[in-house]
Structures are given as structure tokens and as C-alpha cells.
Amino acid sequence: MTPATGAPTLRGAAVGRGIGIGLMYGLFRPRVLGAWRVPASGPVILAVNHSHNIDGPMLMGTAPRPVHFLIKKEAFVGPLDPFLRGIGQLKVDRSIADRTAITDALGVLGDGGVLGIFPEGTRGEGDFASLRAGLAYFAVRSGAPIVPVAVLGSTERRGRLISALPPLRSRVDVVFGEAFEAGDGSGRRTRKALDEATMRIQGRLTGHLEQARRLTGRTE
């Protein structure tokens, strides 16, 4: 595992993927659609809607490649701190321009890895209605394609044994969309270029979410 002060490693993320597979398939019944759309190699960003705490672990356990997620620093408390670092996850302070998190995330992409981002910045309706600029920055700066991901069904019902989780053995759909480039091909990284990229990204993500809902018959 990675030391507490070290950069995230692919080996750590691979361990995290193994844990995610065991937990998510053990507790729930994921239905994965379009996983073949994730490039088999090279840098890629998975942009995921976020409406429930299991969305991140669910993607870690269903994605075809190990994922390094940008996770808010508030989650890195007590024993979770070395654990999350050990499985290749990245701590980010959302209140500032966190240079360490930016460097680590670009390092993951520079090494040809998979970066997972909740572009809405925090858990909410999970509808991509409000995006932060970070996703556009990482995509334009690295040149990595974005794959939109919709996790559906995690908030449909509450479990009877553990109300904070979906019912055990319930179906959760994970739908991967078509990879796309966020930039306009000019290579510009100005504020205007990033704002324009954010608008393009939002259109692609909301379009994918609507398509995923039609495909799965989900309404939430």
C-alpha cells in the first residue's frame, strides 16, 4: 500500500477495485451496461453523477479498470485516512485550489490511469445540473477523454436493516457512455475556454443521464 504521504499508485487502486467488487456484488446486484466504452488503456476520466454514498464504491467495483477517485478531505478521518490513501484514492480540499490534489490527479492521468470525478462537487440530486470547473480543467489540461457514468437506483429505496444503504441484494444500474473530448481542439486553457468546455461537458453528461434513464427504465 501507498505510504500516507505518498502519491496514489495503480497497485493501490487495483486493491481498491478488488474490495469494491467483493462488497458491491456481495451486498447488491449491480447491472453494468456499456463498460466496453471505457478505453482499455491510456488516461481517461470517469465523470459520475452523485446522489448516494455508495456511488463511488459502486463504480470502483464495476468499472473495468482500477479508479483513483478525488474524494473530499472530510472523508479522510481516523482509520479511513490511511485506508483510502492505501487504495489509491486522492484527498481534495474543496474550499481552496488544492495544489497537492491537482498534482496527484494530473499524475494519475499522466501515468495513463483512470481518474474518477463527481463533477457536481458534492452529493445531491445526481442530475449534473451544476458542474464545477475542475472536470474541465483536468480534461483540457491532460487531454484525457471523458466517459460519462450514470449510477441509478442507489436512492430508489432505503434498506430495512441499514436505512443509509439501498436494500440488500437490490438492483443498481451503472451505465457507461461514449467517451468524448472536452476541449475544442485548440489546446487553449484560458478561463473562457474552460467555461466553454464546462458547458460542452454538461450537455454531454445530462444527455447521457437521460439516455441511461430511458435504457434502464429508471425515473430517479
Side-chain angles (χ1 to χ4, degrees), residues 7-8 13 34 37-39 41-51 55-56 58-60 63 65-75 88-152 174-213:
R37 295 190 173 105
V38 178
S41 62
V44 63
I45 299 172
L46 301 183
V48 195
N49 66 323
H50 193 23
S51 57
D55 295 339
M58 182 61 68
L59 184 62
M60 289 176 64
R65 295 171 59 188
V67 181
H68 302 266
F69 257 106
L70 275 168
I71 301 174
K72 62 182 181 181
K73 69 173 186 178
E74 290 82 1
Q89 306 311 295
L90 289 65
K91 179 170 72 171
V92 59
D93 185 342
R94 298 174 300 173
S95 66
I96 61 172
D98 190 333
R99 294 186 179 276
T100 299
I102 292 171
T103 299
D104 286 346
L106 290 175
V108 165
L109 296 171
D111 289 339
V114 180
L115 181 67
I117 294 181
F118 295 119
E120 296 160 291
T122 186
R123 190 173 72 253
E125 295 300 317
D127 56 3
F128 296 123
S130 177
L131 302 192
R132 295 194 172 196
L135 174 55
Y137 174 81
F138 288 124
V140 173
R141 173 77 183 270
S142 68
I146 296 172
V147 172
V149 186
V151 179
L152 303 172
V174 183
V175 187
F176 294 87
E178 295 285 353
F180 66 93
E181 303 288 338
D184 60 5
S186 68
R188 293 180 302 124
R189 294 186 297 208
T190 62
R191 175 60 63 86
K192 181 180 179 182
L194 292 178
D195 288 344
E196 291 173 350
T198 297
M199 293 299 294
R200 284 192 293 272
I201 291 168
Q202 186 170 35
R204 294 294 294 263
L205 297 188
T206 53
H208 170 66
L209 183 59
E210 292 171 2
Q211 185 178 29
R213 285 172 170 165

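Excluded from the calculations below are hydrogen atoms, water molecules and symmetry mates; all remaining heavy atoms, backbone and side chain alike, are included.
- Separating the CG atom in L115 from the CG atom in L90 is a distance of 7.0 Å, to the nearest 0.5 Å.
- Note: M199 CE to R204 CZ = 14.5 Å, rounded to the nearest 0.5 Å.
- With a 4.5 Å cut-off on side-chain heavy atoms, L59 and V149 count as touching.
- In this structure, R65 contributes its side chain and P39 its backbone to a donor-acceptor pair below 3.5 Å.
- Put simply, the side chain of V48 does not reach to within 4.5 Å of the side chain of I117, judged on heavy atoms.
- Side chain of D111 to main chain of G113: no donor-acceptor pair is present (N/O by atom type, distance under 3.5 Å, no hydrogens or angles).
- Distance alone, capped at 3.5 Å, places no donor-acceptor pair between the H68 side chain and the Q89 backbone.
- Within the model, atoms CG of L109 and CG of D104 stand 11.5 Å from one another, a figure rounded to the nearest 0.5 Å.
- For F69, the ring pair (Phe, Tyr, Trp, His ring centres under 6.0 Å) partners two or more places apart in sequence, or in a different chain, are F118.
- At a threshold of 4.5 Å between non-hydrogen side-chain atoms, the residues V114 and P66 do not count as touching.
- Minimum heavy-atom separation, L152 to L209: CD2-CD1, 3.9 Å.
- Rounding to the nearest 0.5 Å places OG of S95 at 13.0 Å from NZ of K72.
- In this structure, CD1 on I201 lies 7.5 Å from CD1 on I45, to the nearest 0.5 angstrom.
- In this structure, E196 CD and R200 CZ are separated by 6.0 Å, a value rounded to the nearest 0.5 Å.
- Within the 4.5 Å cutoff, side-chain heavy atoms of V174 are placed close to those of M58.
- Of all heavy-atom pairs between E178 and R37, the closest is OE2-NE, 3.1 Å.
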| task | For side chain to side chain contact (heavy atoms under 4.5 Å, CB included), just list the numbers for L135 and T198, CA-CA rounded to whole Å, side-chain angles, deciding distance to a tenth of an Å, and then say yes or no. | result | CA-CA 8 Å; L135 174 55; T198 297; over 6 Å; no

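- Of all the heavy atoms in D98 and D93, the pair that sits closest is OD2-N, 2.8 Å.
- The shortest heavy-atom contact between F176 and H208 is C-CE1, 3.6 Å.
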Please output the side-chain donor-acceptor pairs of residues 138-148 that fall under 3.5 Å, not counting sequence neighbours, one pair per line with the distance.
| unit_1 | atom_1 | unit_2 | atom_2 | d |
| --- | --- | --- | --- | --- |
| R141 | NH1 | Y137 | OH | 2.5 |
| S142 | OG | F138 | O | 2.6 |
| S142 | OG | A144 | N | 3.1 |

